[in-house]
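All residue numbers refer to positions in the sequence shown, counting from 1.
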Amino acid sequence: ESAETEVGDDGAIGDGGSNNELKFVSIQFPDPHFKKSHTKRRVVTPALVTTLAKFMNQGGVVFLQSDIKEALEAMREKFVEDDGLVY
C-alpha cells in the first residue's frame with residue numbers, strides 16, 4: 001500500500017485523514033546548497049524534525065542520504081538535537 005503525504009511550507013503534514021502515523025520517512029539528497037552561507041535554505045530544520053516527531057510511529061525510521069558528508073552530518077544532528085531523541 002502506498003500513500004502520498006505532503007509537508008507544507010508551514011511544516012504541516014497530512015492528507016486530510018485522521019491516521020497520520022508515519023512508519024518511514026526518506027530524505028535523500030535534499031540540499032543542493034550545502035555551503036555554510038546557504039544554511040538557511042536547508043530542508044531539514046528543527047521545525048521539520050519536530051513536526052515529523054509528532055507523526056512518527058514508535059519504532060519508525062528516518063532514512064537520511066546525501067552525497068555531501070557535511071550535509072548528512074548536519075541533517076543527522078538536527079534529529080539528535082530534538083530533545084536528545086534519536087529517530
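Using a 4.5 Å heavy-atom cutoff, the side chains of Leu22 and Leu52 are in contact. Side-chain atoms of Phe79 and Val44, non-hydrogen and from C-beta on, do get closer than 4.5 Å to each other. Looking at heavy atoms from C-beta onward, Phe63 lies out of side-chain contact with Ile27 at the 4.5 angstrom threshold.
We find the CE-CD distance between Met56 and Glu21 to be 10.5 Å, quoted to the nearest 0.5 Å. For the atom pair Phe29 CZ and Leu64 CG, the distance stands at 11.5 Å (nearest 0.5 Å). Distance check: Glu73 CD to Met75 CE gives 10.0 Å after rounding to the nearest 0.5 Å.
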